[in-house]
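Throughout, a chain's letter reflects where its sequence line sits, starting with A, and its residues are numbered from 1.
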Amino acid sequence: MENLPLLSIVIFLPLVGALAIAFIPRERLALIRGAALVTALATFVVSLFLLLGFDANVADFQMREEMEWIPAFGIEYKLGLDGMSLALVVLTTTLTWIAILASFGPIVDRVKEYMISFLVLEVGMIGVFLALDMFLFYIFWEIVLVPMYLIIGIWGGSNRIYATIKFVLYTLVGSLLMLVAILGLAFNYQAATGSWAGAFDYETLRAFGFDPTLQFFAFIGFFLTFAIKIPMFPFHTWLPDAHVEAPTAGSVILAGILLKLGGYGLIRFAVPLMPDAAQAWAPLIIVLSLIGIVYGAIVALVQPDLKKLVAYSSVSHMGFVTLGIFIFTEQGLLGALTVMIAHGLITGGLFLLVGVIYERTHDRTIAKMGGLAATMPVYAAVLGFFVMASLSLPGLANFVGEILVLVGAFEYWPPVAAVAGLAMMLSAAYLLWMFQRVIFGEVSDFLRGLGHHLRDMDRNEALTLAPLVVLTVAFGLFPGLLLNLFGVPVNDFLASVGAGTLAGRP
Amino acid sequence: MQLTVDQLLVVAMLALPLLGFVVTGLIGRRLYARAWIIAVPIIIVTWLIGMFIVYQALFAGAYGAEGLRFTLYEWIPAGDFSISFNFLVDNLTAVLLIVVTTVGMLVHVYSIGYMAHEPGRWRFFAYLNLFMFSMLLLVLAGNFLLLFAAWELVGLSSFLLIGYWYNRRTAALAAKKAFLVNRVGDFGFALGIFAVWTTVGTLNFVEMPGFGPGAFELLPGQLQAGAIDPWMMNGIALLLFMGAMGKSAQFPLHVWLPDAMEGPTPVSALIHAATMVNAGVYFVARSSNLFAHAPEAMVIVAAIGIFTAILAASIAFTQRDIKRVLAYSTLSQLGYMFAALGVGAFTAAIFHLLTHGFFKGLLFLGSGSVIHAVQGEQDMNRMGGLARRIPITHATMLIGSIAIAGIPPLAGFWSKDEILAEAFLLHFEWVWAIGVVVAVMTGFYMFRLMGKTFYGPSRVDPAVEPHVHESPWSMAGPLVILAVPSVLLGLAIGFPPLDGALHHWLEPVFHDALETLDIHHHEFQLFGLDGLLMLVGATAGALGVAGAVWLFGLLRVRSPQEQRVERLTERARPLYRASYNRWWFDELNDLIFVRIGSLFARALWWIDVRIVDGTVNGIAAVTQRTGTGIRQIQTGRVQNYALGIAAGLLVIAISYLFLAR
Amino acid sequence: MSQSLEAYLVLSALLFGIGTFGFLARRNAIAMLMSIELMLNAVNLAVIAFGAFTPALAGHAALIALLVMAVAAAEATVGLAIVIAIYRNRRTPLVDEYASMRE
Amino acid sequence: MIVFDQATLLAFTPPVLVALLALVLVVVDIARPARDRALTLIGAVGIAAIMAITVVIGPFGLAEAQVGLIPQAGGYEAFGGVYVRDALTAFLDLLLLSIALLTILFGPDYLRPRGLPTAEFAAMLLFAICGAMLLGGARDLVLLFLALELLVLPGYLLAGYAKRDGLATEGAIKYFLLGSFSSAIFLFGLVLVFGFAGTTRIPEVAQSLLGVSELAALPAGLLMGIALLTTGAAFKIAAVPFHYWTPDAYQGSPTPVTGYLSVGPKVAAFALLLRLFVEALGGFKEDWTPFVMVLAVLTMSVGNLIALSQDNIKRLLAYSSIAHTGYILVGLAAFGAATVGSPAEQAGLEALLFYAFAYAFMNLGAFAVVGALQRRPGVTSQIATFAGLGRRAPLLGVLMFLFLLSLTGIPPFAGFWAKWYVIQAALQVGGWLNVLAVITVVNAMVSAFYYLRVAVYMYMRDPAEGAPPIEVGTATRIGLAISAAVTLFIWLPPLATTLIDITREAAAVLIAGS
Amino acid sequence: MAIPQEIPLLGWAWDDLIFLLLGGLMLAAALFVVIGRDIIRSGLAMIVAFAALAGIYVLAGAVIVAAAQVLIYIGAISVLILFAIMLTQTKAGPASLVFHRQAWVGFVTAAVLALLIIAAIINTQWPGREAERVAFSTIEVAQLLFGPLYVVSLQVIGVMLTAAVIGGVFLAKREDAHDPGDRAGSSLDRLTRPPAAASEPGGSRQ
């Protein structure tokens, strides 16, 4: 157990599964689905082992794996785990098996490719969270793109091609600039030390201290990438399209994990590597975050489509993440991390629920819904739960995160918290508006026309949602489970920007 | 963690309703008619525990002056921002527990009968249990954030219960409105909490075992030390008060409460009269130490309170829906309480909270019984002459009405009088003056309600008329039980005036705040200013009652004078319309938030699609078009190509020759 | 004049220019091929000129000129084969009519 | 007189063997007609054998990773320096032989159904490769030119190989005419340089121009010569605005030939650039670097922009290959812009070589899939023929997707590493090269659009009604396996590190020579 | 009769006169090649240009090259081109279409190019040159020819010509219409088989 390369296993186990599935004849749907689920579950179990072996009090990366890769340029295969990555990895493994399970019903065409795509996607996502070599990180980062491109493009809705190409191109814009930034940092390190050794090593670079001008430009590259991924106003417009067109499970992963990649990148890489630039850019980013929070929420108010509504709500929620990061306070960052996890669970749940109704009606137009409480009471209850969770009801995970961000923001400058706090009202407004239209009222004619097709949630669907409910409650009542994990990374982060000094605090 | 028996009981008091909610929620559907079988007994047990705690606190004095303080576990361990599940059970809490557990228990019992014909009643009981949990958490909470959490949770249960009849559009809208308006208040509340934390670094109300001093102990010190200026203190107070305004439906956040009457009547009684809406009052009282250091904020509290009182009373004048009248009456009475808080009469506010909780609960349950009797009709124009048909309901409601009208010696008299008197004595003469007017109005609209409902000829739908009957004992019983405190509570704990049991209980709680405000206890002087004020108060109430009786009748003593009403209405047409249309607040809200808001949102969406996304798509289109343009150079003809190459050669040659070095 | 390197080179440049012009202006594939031959001859002339006035280069220049001729022959072979092949398909030697592929 | 010393023999062995192999194929075809399968086999095995021999000969003067068996620092000088077999030559030879091998493997599937013989195809190809290999090691301007002609002449013929096809011959004549024109221009430039330097031997040219390069104003005749050479070379690598022939020739040619044309002559032309501009004219790099930079920007931008609106896959890949030329030129620009003697100088050349390597495999792979789709005569090269490929031939679809991703520059595929190397080199130089690096990535982003468009057809559109099944011949399979393996696994440490070491060694040779 | 060293009146050396005459002839012929309307005459004019150039070579002392010029260019290439002209001559295309429409642009370009080259040449101090032109020594040439560089070069030329011939023959040879069975023949067969008379393999236009 001690000597097993657990991190590599958790990264590449899905790949093994994907390869195995590649050799299953495509007609054997049950076998393919089973194999995919078993792989995802196995990965999940391995990630739980990570949890067991992890010590939140060790102020360093754990379970490290280091191997020379391309010594000529100091590129290494280097993995490591801290509390932040651990939480996100477990979130990833959890959501992946949920997403795969949720796909059993809806996906009937090209199941084999679908499952392979999902497992490859998982490889990329986990890899991003565990890589400690900039190069390795970049590679995993880009790997994520490809399966998602296929998932949206092949199994998506009617306008899927536009959406998927937009998604890929938009993401590429940023990530390629990030590549330039990474290489720029690496080269500057090499030029200063005269050796390539360690030029891509995250820990080495973090301790290096780059020239402020270089930081300023390199930060743009990193920031754009992550801002697009999160997504941050005004780089968010790919998100509604991608979400609307993606299949349910795709949306779950997209909202649940992919957006988190951006937040993770900012916390892990953008700020610690370029702290001076981060300080310099912070005011602008804070303003953008605030715009995103309010703007996303307001636009969500008038969305006619369930998925678009949730998508814009993501823009708003993720604004809290960027806000929490760039106010550089302990509470802000803890809040940002908690929001990331909570948003993964809650928005994942919301997308699953939208998927449930879409399965039955093949429609997501809010105006056509109504009175589901009567016909699908369990559904109504679960939707109510996630709506409440999303509007940050106390006792559920999101509340803790948003409150912490707001506390941090207030500490930074009260008006910032005031503006961000508007989301409290606005999120309630759009979510309840949606809830009221969909769940309350008389059963709509459209739904009545569906007759018995409109059955309540089945066992599979309940099974996919149950863990999310449990975790949302657990992290709401005992946020310490999460927050204690984040202690070390948060300290590192704050130390990198000069703990306690609040950048540009008015 | 070792908990003492009392602590354990406090926890149990929270855990039991929560358990009830979860169990009823999960298996309730399979309980069919006996959906209450878990929920109601649990609440009865909770009530018993509550009573024990109250006994321990108020009568046995087991918790001392500072109350029972303990911590369950650390809830949010975010560095310096460490929030625990901690509880504070002092006398104020205990007083609140009396009304919360008692009315709560009675409403639960009442609901067994009231909801007997509802197919989905298991949901109702589940929600009620959830509410009880949230409300108890609210009064027991030992820090701001936990209180805030409970604050939101009662909002949630209120949302669920108002929207209980989900297929009614009005109910659904009312539920949403209630939640949203509350969120507006909570927005300020939350900011206030952050401000508290930022200034003193703790959110505990008071010093908790194992933790440092609490906010109420630190804030005055900070102020005196000059770490925060008075301006900021006022700001914090007002932000926190914003939360109270939302929850207690004070102007301009009062709009949700009347709509909330869409919920089942027991809900109106419990949540929207007796308990939840009092949370704001409770919270301000709890924060008396903070408010005392923010005198300007207190004036605003008083002003908003008394303004809400008269505004709501004016609307209650003309409403036809029996529950709406009661709802506006609730608003009005809450306004009294805030006025009291604002002037510094904390005890009076809590006193009124207590008495109001009982008699308003009684009135609501009574109205429920009326509605039950007339098969769901709520329009008073379609009632009348019900006094003989439903005697128990009538009798108890009459008691409630007298109580609220402020006729001695019933409960309402003592508490209301104390508020008015204190306002006058603390030199808030304007508050007193308006308060007296409101007292007149209160008597009037309550007896208008009585008259229209119970007296005179029957206007009940002929189809329903034969089926009018008294409610079952599960409903009538609670009415009778509630009538007792409505009559006696004032005498029991508020007599002698300013020196009753309640005053002794609460003295330690408000001691510091009163010190700060330089308010000192004085003996009640019957034959002095105090007596005079009391007389004015009682007279005012009686005047109102008399006016209403003159117009709308009373028992068989006097029959309603419909023409006179007509005439009066005609004479004050504009006022009548303003009152009847609730001063058009709903329309105003609709205009600002729904119409203009949605227009704004649509405009933003347009910007998002056309401009933000349009830029993205535009860049793509321009790129593509550039490509298509450049493509034209590839003509397919060799000579063109050759010419291009030669031209390129020329450019290169010229550059080399003339530009190099 | 004939004793000056520049004279030969200028002559060569003029020939090269004429060849270029022919290549740019003619439509007939074979005419273009001929233009290229002229250009190659211009090159040869330049080579010989350099050889004639630089003793160290003399031998090389002659051989280079010979090699260029051989290359020109090979090029002509290939070119004519292609011209014949396309003529068979298109029935015209005019290259500006070969524009099936464009943009 | 001539001394055939050991160095000369060893140095010349690979190109001579290639020419012999070509002749063998022709002779075998005459003796035993129409044995296409056998010819393919002989050709492939022969090339593989030559590759092995090349590896054995080396020289790879690597300290840590000795690949060649006969080490010879500085390389084998043949005939006193006419031709040299150094690390660069060896690297290029192996790359060119790989290209030849893959092309020969991909040929039959396309040629046989169209009644086109394998023998001439293979022979032409091998002659051209022989020329390319000679070009890679040429240390003499005369040999350089002759080798260049030996490279391009069979290329013209191959372009028109489907002689009954109007498009093929049209492409061929365009290619031929413009190619000859540019050859003449190039030759004139060469002669001017020759006249000025007074020698044809590249090291001597560099030597004799050394003093000139330090003058304040350069002699006009020499500059004119360089201008003509720049134009000629730019044409050969198909840099914008000298690229016009590329799309038409690529589209018209038989698909395997297109594949070859897109990599073989390009790699060889870059070898020419290295030998000529880096070795011979390295002293003038300040003068030619601005042109390289401008050409690089123009080339990648125009190539990508036009590719955006192409509906013909071969044309699309043609424009894409133009764009890739632009990326490769960034490496040369990095060399040019770097201060003399700085490590960035070498990094630029390494990047160039690495890119060429990666590009060759992925691009050939892509063309192989296009060719496989066109096995049945009459299948057009419209992108629409890719519709539903993911369903019709899943494996082929996956491979094409892989090549497309690699061409886009998505990690961990070969194309990504190539771009990384180039950008890295550019950033090492800094200054204007930073701008160039950013332009490069912006272009890579633009290119994603059209590569993904193909993928959209493959996976997100349904196949046309009654689309026939796709069969892939054994040779093609082997070829695809090789190119896919390199594209996919280039990052594996033994492969990647060896490759990087070899490119470093090759670049070091050039730096030492310049 | 002794020819005067210099041309009377003009004071030019004879060489100069011949150089001018030959150069003028060559340029004129070349110009005719590129502007002549009749392509056959253009071909003939090209022979004249080549011949004049051969004369210039002689003048420059490169007799061997001149001989080769006559043999290769006039003897082989020109004849080849003339044959090709014959083969591809259709019902003479409209004379006005000898040049395409952008010919004048081509003219300007070519003229500027030539002027640039001339300017460059004149402004250059060519190193290592003698005032007198030197005679090409045949022996030296022969020695060089067997030197290392040209041995390789000749072999390359050999390979190149082989390739050109093999490929050229394949391409230029007329084949039967589409018939996969056609492949049955070997390269040699294809070289020797008489061209099919009737059917013309039309290009498969896409």
Side-chain angles (χ1 to χ4, degrees), chain B residues 592-661, chain C residues 5-6 9-43 45-46 50 72 75-103:
Chain B
I592 294 175
F593 296 108
V594 181
R595 283 175 205 285
I596 297 180
S598 108
L599 218 62
F600 179 64
R602 269 172 207 291
L604 272 192
W605 189 24
W606 185 87
I607 288 174
D608 196 55
V609 174
R610 298 285 154 187
I611 296 182
V612 181
D613 198 24
T615 312
V616 177
N617 286 332
I619 291 172
V622 166
T623 313
Q624 179 109 34
R625 227 163 281 162
T626 314
T628 319
I630 301 178
R631 208 180 145 174
Q632 308 299 324
I633 61 172
Q634 199 77 21
T635 58
R637 289 171 205 285
V638 175
Q639 280 85 5
N640 296 130
Y641 297 173
L643 207 55
I645 292 169
L649 167 59
L650 276 188
V651 172
I652 287 183
I654 290 170
S655 315
Y656 265 120
L657 289 174
F658 297 102
L659 298 182
R661 302 225 175 160
Chain C
L5 171 61
E6 278 79 5
L9 289 179
V10 167
L11 196 60
S12 153
L14 285 172
L15 188 57
F16 192 81
I18 291 171
T20 308
F21 168 60
F23 186 81
L24 295 179
R26 296 295 293 241
R27 301 170 65 213
N28 190 309
I30 294 174
M32 292 172 80
L33 191 57
M34 292 194 300
S35 303
I36 289 171
E37 296 299 343
L38 291 179
M39 291 167 77
L40 291 176
N41 272 288
V43 172
L45 179 52
F50 282 124
E75 218 168 57
T77 315
V78 168
L80 294 172
I82 295 174
V83 169
I84 288 169
I86 192 168
Y87 181 78
R88 206 177 280 142
N89 289 326
R90 295 289 174 83
R91 294 264 146 232
T92 171
L94 302 180
V95 284
D96 53 359
E97 292 185 12
Y98 313 149
S100 316
M101 296 180 292
R102 49 209 293 247
E103 296 190 327

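- Proximity to chain C at a heavy-atom threshold of 4.5 Å picks out B:Arg631, B:Gln632, B:Gln634, B:Thr635 from residues 612-635 of chain B, in numerical order.
- Evaluation of the ring-ring contact (aromatic ring centres under 6.0 Å, His included) test over residues 616-637 of chain B, restricted to residues two or more places apart or in two chains, returns none.
- Considering only residues two or more places apart in sequence or on other chains, C:Tyr98 meets the ring pair (Phe, Tyr, Trp, His ring centres under 6.0 Å) condition with none of them.
- Residues of residues 642-650 of chain B lying under 4.5 angstrom from chain C, judged on non-hydrogen atoms, are B:Ala642, B:Leu643, B:Ala646 by number.
- In this structure, the side chain of B:Gln639 does not engage the main chain of C:Ala25 through any donor-acceptor pair within 3.5 Å.
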